[in-house]
Structure formats: structure tokens, C-alpha cells
> 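Below you'll find the structure I mean.
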Amino acid sequence: MSEKKPVAPEAAAASEAAAAEPKKKGAKTAARRGRPPLSPEVYVEFGANQYNITDVVERAKADYRATHKVGVQSCKVYVKPEENAVYYVINKVSGKLDL
């Protein structure tokens, strides 16, 4: 016959504590699985013209970076297709682009 060995109290307590705690999934593991987050394409159509908003935002950031060395902390873009213009405010600095 085989003898049963007594379990040390410290080992029993450690296994019970590990079983009681729910497993936590890190944000990194969740981000690695599945599809990347959705990045919608947004367009503005006015008359016979169509404008890709992602391109307009990148043009506004490039225009800001051409004159300023500070990175972009905040960015607001206003599209006014009736004026054929884009107004932007980046880091409290305003500017205007033609569409």
C-alpha cells in the first residue's frame, strides 16, 4: 500500500490563495489578439468634390510642424467646404489650408 504524505500548511495556504484570486489578463495580451481597432475612413462630400478627412488632418499637422518644433498635443480641424478651406487649431495655434 502507498502511504499518504501530509501536506505542509504553507503549501496548502499558497495553493488556496492562488485558486481564490481570479486570473487577470493584461492589456497587452488583449491588444495582441484578434483584429486591430477599427479605423474608419471619413469623407466629406460637397457639390462634386469629395475630401478624405484623414488626409486633411495629416495635412494640417504637417503644416503646423513646418513652422513649429513642439509635438502635437491637441488638434481640432474644421472643414468648411463652402469656402473650400480647412481651419485648424493645434496646441492653441490656428491656421488655414485650402482644400
> In terms of hydrophobic clusters joined by side-chain contacts under 4.5 Å, are Tyr78 and Val72 together?
no
> Is there a side-chain contact between Val77 and Val56, using heavy atoms and a 4.5 Å cut-off?
yes
> For the OH atom of Tyr87 and the NZ atom of Lys80, what is their distance to the nearest 0.5 Å?
6.0 Å
> Would a distance-only check, ignoring hydrogens and angles, find a side-chain to backbone donor-acceptor pair under 3.5 Å from Arg65 to Val70?
no
> Please round to the nearest 0.5 Å and tell me the distance separating atom CG of Leu99 and atom CD of Glu83.
10.0 Å
> CD1 of Ile90 to OG of Ser74: how many Å apart, nearest 0.5 Å?
8.0 Å
> Return the set of residues passing ring-ring contact (aromatic ring centres under 6.0 Å, His included) with Tyr51 (not counting sequence neighbours), or none when no residue passes.
none
> Check Asn91 against Gly71 and note the closest heavy-atom contact, atom names and distance.
ND2-O, 2.7 Å
> Nearest 0.5 Å please: distance from the CD atom of Glu58 over to the CG atom of Asn52.
10.0 Å
> OH of Tyr64 to NZ of Lys69: how many Å apart, nearest 0.5 Å?
11.0 Å
> With a 4.5 Å heavy-atom cut-off, do Thr54 and Val42 have their side chains touching?
no
> Is the backbone of Ala85 close enough, under 3.5 Å, to the side chain of Asp98 for a donor and an acceptor to pair up by distance?
no
> Consider only side-chain heavy atoms of I, L, V, M, F, W and Y, link residues closer than 4.5 Å, and tell whether Val44 and Leu97 are in one cluster.
yes
> Tyr88, Val93: one ILVMFWY side-chain cluster at the under-4.5 Å cut-off?
yes
> Out of curiosity, His68 NE2 to Asp63 CG, how far, rounded to the nearest 0.5 Å?
9.5 Å
> With distance as the sole criterion, is a donor-acceptor pair present between the side chains of Glu41 and Tyr43 under 3.5 Å?
yes
